[in-house]
Peer 1: 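Handing you a structure now.
Note that these values count all heavy atoms, side chains included, but never hydrogens, waters or copies made by symmetry.
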Amino acid sequence: MHHTNPSILDKKVYIPYMTDTAYGLSAAFRRCGVDSEVMDEPNKSTLDFGLKFTNGNECMPCFVTTGDIVKVIEKPGFDAKKSVFFMPTSPGPCKFGQYNRLHELVLNNMGYKEVEFLVPSAQKSYTDFVGDKATLFRKAAWGGCVTIDTLEKALYRVRPYELNKGDTVAVYKECIKSVVDALENGKDIYDTMGMCAKKFEKIPRKDENKPIIGIVGEIFLRLNKFTNNLTIEKIESLGGEVSVVPAYKWITFTTHEYAVRAFRNKKVKDIFLSFLVNFYQKKDESNIFKPFKSLLRNHKETNIKDILSYSKKYLDLSLGGEAILTVGESIDFAKKGCSGVVSIHPFHCMPGSIVQTISKRFKEDLGNFPWINLWFDGQESTSLMLRLEAFMHQAKQRMEAKNVL
């Protein structure tokens, strides 16, 4: 069992489902001639498998991904020699970097010694595989993440106001199909997004004001509906509109960190590469966002440097990783006029505990800003709805107070 990055050209790459961006990533692999498929979305059976093969002290994304890998392997016709599991890793005070080690142990114990893992590293800004197609892959994967994250923003922007239930999800699914097709076949992604924006704008909707709730926290849980017990749908059912920190924000963060390290170590080639990557990422992001400008109220993602500077007051930036982003993004949401923030974390999550400690000070600094920390461990929580109701009540009051001023 090895996780040195194997040659993947004649294998199938399985991608864990965190959010729909997985479909964009999978399309990027196929664009580079690599067979790839997204694993099934996690569900109850995922947890059963995951808990069977882990000891319960891991955080939820860890046993969810373990469960999903085991589910793929147990399917009839699975060929271990021809399969590779994609499992990114990250540095910083987080167990995420150890997942692939645990996955290997689990599979070894099950007798699947020849299954390989593709482990791109955040420290190399995820650029260390697919051979001579690295540049094509990086561009396609980045485009895939940003387009699908932008479609998801449009979904959350329109769905709470739709006149006919189900309209928005239907348009969203159509658009995902078009985008995946464009990514996989090298069609013009900007044109495709232009057509998607028009489809969203045509959806008939009510004209009313709802409190906007920022969603921050651990990347897997804040983005994966199953693991956060449909928190977003619950907030919408209680009269809110959500704004979620997108998955691609993590990539801009790792690119930024890569640049910082390159400057610190005076590595000219890396400095140049990070400058280039950053330039293309920004250009792509603006072009993809352009047709959605008016729909998304011009709320482009705030620059990662600004997000980090917001956190400085509360955290030492050398800590790295998710806690800093969570705090910075929350301040950003408050500055953009959101009426509250929901911070989502798995149990046993170190960055989550750091954020919880800071959130009290943070709320006070922002004039008793509505804020709620939610923790998930895969169990159905009866108190979740009650806590969200109380929180949404405060958020509505905050919105009304702001409108009076």
Peer 1: Closest heavy-atom contact between Gly143 and Thr147?
Peer 2: O-OG1, 2.7 Å
Peer 1: State, yes or no, whether a side-chain contact exists between Ile288 and Tyr248 at a heavy-atom distance under 4.5 Å.
Peer 2: no
Peer 1: State whether Tyr310 and Lys335 meet the cation-pi test: NZ (Lys) or CZ (Arg) under 6.0 Å from the six-membered ring centroid, and within 45° of the perpendicular axis.
Peer 2: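 So Lys335 does make the cation-pi contact.
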Peer 1: Does Thr357 reach the side chain of Lys360, with side-chain heavy atoms less than 4.5 Å apart?
Peer 2: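 When only atoms from C-beta onward are counted, Lys360 and Thr357 do not touch, as no gap falls below 4.5 Å.
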Peer 1: Heavy-atom distance under 4.5 Å between the side chains of Thr192 and Asp181, does that happen here?
Peer 2: no
Peer 1: Which atom pair, heavy atoms only, marks the closest approach of Ile215 to Phe333?
Peer 2: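 Residues Ile215 and Phe333, closest heavy atoms: N-CE1, 3.7 Å.
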Peer 1: Please list, one pair per line, the donor and acceptor atoms closer than 3.5 Å that link side chains of residues 193-210 to other protein atoms, with sequence neighbours excluded.
Peer 2:
from: Lys199; atom 1: NZ; to: Glu174; atom 2: OE1; distance (Å): 3.1
from: Glu201; atom 1: OE2; to: Ser294; atom 2: OG; distance (Å): 3.4
from: Lys206; atom 1: NZ; to: Glu162; atom 2: O; distance (Å): 3.4

Peer 1: Side chain to side chain contact (heavy atoms under 4.5 Å, CB included) for Thr65 and Phe220? Distances and angles first, verdict last.
Peer 2: CA-CA 10 Å; Thr65 44; Phe220 195 98; 4.0 Å; yes
Peer 1: Establish, yes or no, whether the cationic atom of Lys139 lies under 6.0 Å from the six-membered ring centre of Tyr280 and within 45° of the ring axis.
Peer 2: yes
Peer 1: Begin from the C-alpha positions of Glu301 and Phe289 and carry the test side chain to side chain contact (heavy atoms under 4.5 Å, CB included) through to its verdict.
Peer 2: CA-CA 10 Å; Glu301 281 301 309; Phe289 187 80; over 6 Å; no
Peer 1: Identify which one of Asp20, Leu25, Thr21 satisfies the side chain to side chain contact (heavy atoms under 4.5 Å, CB included) criterion when paired with Tyr23.
Peer 2: Asp20
Peer 1: So, the side chain of Ser339 versus the backbone of Lys396: is there a donor-acceptor pair under 3.5 Å, distance only?
Peer 2: no
Peer 1: Would you check, one step at a time, whether the test side chain to side chain contact (heavy atoms under 4.5 Å, CB included) holds for Lys225 with Glu233?
Peer 2: CA-CA 9 Å; Lys225 296 183 188 56; Glu233 283 77 356; 3.4 Å; yes
Peer 1: Give a yes-or-no answer on whether the side chains of Trp375 and Asn373 include a donor-acceptor pair shorter than 3.5 Å.
Peer 2: no
Peer 1: Counting only heavy atoms not in Lys300, do more than 12 fall under 6.0 Å of its NZ?
Peer 2: yes
Peer 1: State the NZ-CG distance between Lys293 and Leu295, to the nearest 0.5 angstrom.
Peer 2: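 Separation between the atoms: 13.5 Å.
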Peer 1: Under 6.0 Å between the ring centres of Phe86 and Phe29?
Peer 2: yes
Peer 1: More than 12 non-hydrogen atoms from neighbouring residues, nucleotides or ligands closer than 6.0 Å to CZ on Phe263, yes or no?
Peer 2: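 Check fails, neighbour count at 12 or below.
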Peer 1: Might you point out which heavy atoms bring Val327 and Phe362 nearest each other, and give the distance in Å?
Peer 2: O-CE1, 4.1 Å
Peer 1: Main chain of Thr302, side chain of Lys249: is a donor-acceptor contact present, judged purely on distance under 3.5 Å?
Peer 2: yes
Peer 1: Between the side chains of Asp35 and Lys82, is the shortest nitrogen-to-carboxylate-oxygen separation below 4.0 Å, so that they form an ion pair?
Peer 2: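 Between Asp35 and Lys82 there is no salt bridge, as every charged N stays at least 4.0 Å from the carboxylate O atoms.
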Peer 1: Using 4.0 Å as the upper bound for N to carboxylate O, is an ion pair formed by Asp149 and Lys153?
Peer 2: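 Not counted as a salt bridge, because no side-chain N and carboxylate O are separated by less than 4.0 Å.
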Peer 1: Regarding Asn278 and Lys282, is there a side-chain donor-to-acceptor distance under 3.5 Å anywhere?
Peer 2: yes
Peer 1: When you compare the side chain of Pro211 with that of Met392, does any pair of heavy atoms fall below 4.5 Å?
Peer 2: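 Side-chain contact under 4.5 Å: yes.
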Peer 1: Please confirm whether the backbone N or O of Lys305 pairs with a side-chain atom of Asn303, one donor and one acceptor, at under 3.5 Å?
Peer 2: yes
Peer 1: Can you check side chain to side chain contact (heavy atoms under 4.5 Å, CB included) on Asp270 and Arg261, steps first, answer last?
Peer 2: CA-CA 9 Å; Asp270 289 357; Arg261 262 194 309 280; over 6 Å; no
Peer 1: Check for a donor-acceptor pair, side chain of Asn164 on one end and backbone N or O of Asp167 on the other, with a separation under 3.5 Å.
Peer 2: no
Peer 1: Drop me the distance from Trp142's CH2 to Thr255's OG1, to the nearest 0.5 angstrom.
Peer 2: 6.5 Å
Peer 1: Hey, are the side chains of Tyr314 and Ile354 touching, using non-hydrogen atoms and a 4.5 Å cut-off?
Peer 2: no
Peer 1: If I take atom OG1 from residue Thr150 and atom NZ from residue Lys290, how far apart are they, to the nearest 0.5 angstrom?
Peer 2: 13.5 Å
Peer 1: For the residue pair Arg30 and Ser26, what are the closest heavy atoms and their distance?
Peer 2: NH1-OG, 2.9 Å
Peer 1: Within a radius of less than 6.0 Å around NZ of Lys267, do more than 12 heavy atoms belonging to other residues, nucleotides or ligands occur?
Peer 2: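 Open.
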Peer 1: At their closest point, which heavy atom of Arg222 faces which heavy atom of Pro246, and how far apart are they?
Peer 2: NH2-O, 3.3 Å
Peer 1: For residues Tyr14 and Glu37, determine if any side-chain heavy atom of one lies less than 4.5 Å from a side-chain heavy atom of the other.
Peer 2: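 In contact.
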Peer 1: Is there a side-chain contact between Lys313 and Ile331, using heavy atoms and a 4.5 Å cut-off?
Peer 2: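 Counting from C-beta outward, Lys313 and Ile331 never come under 4.5 Å.
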Peer 1: Just verifying a value: how many Å separate Met385 CE and Ser237 OG, rounded to the nearest 0.5 Å?
Peer 2: 4.0 Å
Peer 1: Let me confirm one number: the CG-CG distance from Asp68 to Leu47, rounded to the nearest 0.5 Å.
Peer 2: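 Answer rounded to 0.5 Å: 9.0 Å.
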Peer 1: Do you know which two heavy atoms are closest between Leu308 and Leu325, and how far apart they sit?
Peer 2: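 That closest heavy-atom pairing would be CD2-CD2, 4.3 Å.
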Peer 1: Quick one: CG on Asp284 to CZ on Phe279, what's the gap to the nearest 0.5 Å?
Peer 2: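 Here the rounded value is 10.5 Å.
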Peer 1: If only atom types and distance count, is the side chain of Arg31 paired as donor or acceptor with the main-chain N or O of Ala141 below 3.5 Å?
Peer 2: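 No: the side chain of Arg31 does not pair with the backbone of Ala141.
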Peer 1: Under a 4.5 Å cut-off applied to non-hydrogen side-chain atoms, are Tyr172 and Glu152 in contact?
Peer 2: yes
Peer 1: Looking only at side-chain N and O atoms, does Asn228 offer a donor or acceptor that is under 3.5 Å from a partner on Lys234?
Peer 2: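 No - no donor-acceptor pair under 3.5 Å links their side chains.
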Peer 1: Between Asn43 (side chain) and Ser45 (backbone), is there a donor-acceptor pair under 3.5 Å?
Peer 2: yes
